[in-house]
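First comes the structure, then the notes that go with it.
Just so you know, these numbers come straight off a predicted model, no measurement behind them. Lettering follows sequence order; numbering is per chain, from 1.
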Amino acid sequence: MAPASPNDPERARKVRRSAIALGLVALAFYLSFILMSVTGYRS
Amino acid sequence: MANTNHAHDTHAAHDDHAHKPHGWRRWVYATNHKDIGTMYLIFACVMFFMGGAMALVIRAELFQPGLQFVDPAFFNSMTTMHALLMIFGAVMPAWTGLANWMIPMQVGAPDMALPRLNNFSFWILPFAFTLLLLTLFVPGGAPAGGWTLYPPLSVQAGDSFPMTIFAIHLMGASSILGAINVVVTIMNMRAPGMGLLRMPLFCWTWLITAYLLIAVMPVLAGAVTMLLTDHFFGTSFFSAAGGGDPVMFQHIFWFFGHPEVYILILPAFGIVSEIIPTFSRKPLFGYESMVYASASIAFLSFIVWAHHMFTVGMPLAGQLFFMLSTMMIAVPTGVKVFNWCATMWKGSLTFETPMLFALSFLFLFTIGGFSGLMLAIVPADFQYHDSYFVVAHFHYVLVPGAVFAIMAGVYYWLPKWCGRMYNETLGKWHFWLSTIGVNILFFPQHFLGLAGMPRRIPDYSTQFADWNMVSSIGAFIFGFSQLLFVYVIWNAVRSGEKAPARPWEGAHGLDWELPTPAPYHSWETPPSPQLIARGAEH
């Protein structure tokens with residue numbers, strides 16, 4: 001197996017992508033709960 | 001003592017002193033996982049003592065019936081601030097500190113995946129808690145409506161309201177960023193050969209905790225954002241007068257709040273799953289079942305939230321669903337308790353301080369779990385709700401549960417961190433004083449709750465006087481015995497005996513394959529597959 005290097009560009013890309021994806025998940029939870037409350041409020 | 005000769009050692013001896021920043025820059029600009037972990041742990045310790053001082057104000061006031069020391073409004077601020085400080089300021093940062101220290105060392109990574117984000121996550125916290133603590137000095141005083149921030153009471157607070165909301169947002173941002181870092185580190189930075197099912201349980205439980213954090217901290221942020229707009233921008237999310245629903249806040253809050261309980265306790269399961277095998281000199285019984293049990297607990301934590309609010313009224317089907325789903329949590333938790341007992345069965349047990357704290361965790365957390373089962377029963381909960389029985393329940397889960405596990409982890413890993421041993425006699429004194437104190441403090445609160453004493457009151461009927469006095473004595477024993485903890489750690493770091501590379505002969509894992517003290521940069525050269533295989537002898 002190839003040795004892991006913290007500066008490996010492929011790994012750096014994966015780290016960045018997964019961090020952004022998780023951040024978007026968090027943002028989606030934040031917005032969706034407010035949205036649910038807004039729609040519930042209107043009904 | 002194990003042989004720790006491997007390629008890494010030669011690098012470590014050099015790197016321990018090379019490229020290491022000095023002075024204040026080392027801490028303010030810190031990107032090293034160990035430095036950031038240390039800062040998290042020190043911050044958590046400071047918050048633990050501040051929150052503890054507030055708890056002692058509460059217990060001093062409740063020592064006798066009648067109003068002794070503080071007025072009721074300040075008493076309510078103390079209960080609210082104590083909870084916020086202990087949950088968000090002490091226990092959560094302590095776990096993040098331990099994660100920072102141990103996860104890279106345990107998965108064979110040189111550092112966390114996102115070191116600058118790590119620095120940012122930590123440095124948000126001092127600002128958040130300064131803001132929160134400043135509310136003690138603003139007109140109207142600190143928030144006093146309970147850490148649950150239920151409207152309409154919380155929205156009627158004075159100048160403290162926006163400060164509290166902003167502080168909670170900051171704490172939430174810090175937790176989410178820290179959690180993202182943990183997930184990304186574990187998923188991308190594991191050494192070649194370190195499969196997911198070879199990771200130590202502490203990494204597993206933290207991975208699951210991090211997913212929980214990413215899912216539920218934004219929900220809390222959403223809830224408090226809506227409180228803010230209700231207060232300042234004329235919306236009526238939770239105002240019945242404007243067509244909103246205050247009970248909806250409770251649903252949203254507890255959708256965050258119940259997983260939060262598992263955020264506080266899952267890493268404790270991980271630590272105990274490392275300490276018990278070490279001091280039993282046996283592999284952990286049922287490693288995979290422990291992983292699946294942790295994941296099951298995390299999943300179930302999303303579908304039990306309304307058991308916190310049975311008394312607001314809900315359809316019978318809802319009551320049954322939340323009662324039964326809550327009871328189902330006992331199954332994976334029971335698997336864990338069984339596995340810990342089976343690990344000890346016929347083991348060669350010794351009782352050093354980390355093991356004593358882990359065993360105390362096992363007994364006392366189980367008591368908290370059983371009282372939780374009692375609270376899950378809807379008709380019984382109608383009786384227990386908002387009584388001291390609930391206070392006893394969650395303190396058994398969080399103090400001899402989460403806090404004892406943090407202390408167990410600190411005693412366990414301290415020799416690896418600083419290269420020095422703590423004083424075992426003083427460690428045992430700390431353990432016994434804490435265990436005796438915590439039981440004198442919280443066990444009588446079961447009796448008070450069953451007898452009908454409500455929570456969050458500064459004064460009470462004389463029928464509750466005796467057990468309150470006992471509880472307060474326990475609080476002072478427990479509180480002051482924690483000063484001994486600080487002394488033991490300080491003494492070890494300053495002048496403890498030099499620790500061997502593997503101070504606990506039964507310890508396994510990559511963290512124990514590093515030299516002692518752990519070098520400033522760990523695993524710059526990835527560990528060999530043989531080393532990983534040896535460490536993965538669960």
Need one label for [X]: side chain, backbone, both or neither, based on atoms under 4.5 Å from any heavy atom in chain A.
| X | answer |
| --- | --- |
| F255(B) | side chain |
| L114(B) | side chain |
| I176(B) | side chain |

Rounded distance (nearest 0.5 Å) linking atom [atom1] of [X] with atom [atom2] of [Y]:
| X | Y | atom1 | atom2 | result |
| --- | --- | --- | --- | --- |
| M217(B) | Y30(A) | CE | OH | 12.5 Å |
| L22(A) | I214(B) | CG | CD1 | 4.5 Å |
| F249(B) | S37(A) | CZ | OG | 10.5 Å |
| L31(A) | T225(B) | CG | OG1 | 9.5 Å |
| T229(B) | I34(A) | OG1 | CD1 | 7.5 Å |

Side-chain contact test, heavy atoms from C-beta onward, threshold under 4.5 Å: evaluate it for [X] versus [Y] and give yes or no.
| X | Y | value |
| --- | --- | --- |
| K14(A) | M187(B) | no |
| P218(B) | L27(A) | no |
| N188(B) | S18(A) | yes |
| F29(A) | V216(B) | no |

Kindly check if the number of other-residue, nucleotide or ligand heavy atoms within 6.0 Å of [atom1] ([X]) is above 12?
| X | atom1 | result |
| --- | --- | --- |
| Y150(B) | OH | yes |
| F232(B) | CZ | yes |
| F302(B) | CZ | yes |

Looking at every non-hydrogen atom in both residues, tell me the closest pair between R11(A) and M189(B) and how far apart they are.
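Smallest heavy-atom distance, with atoms named: NH1-CA, 3.5 Å.
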
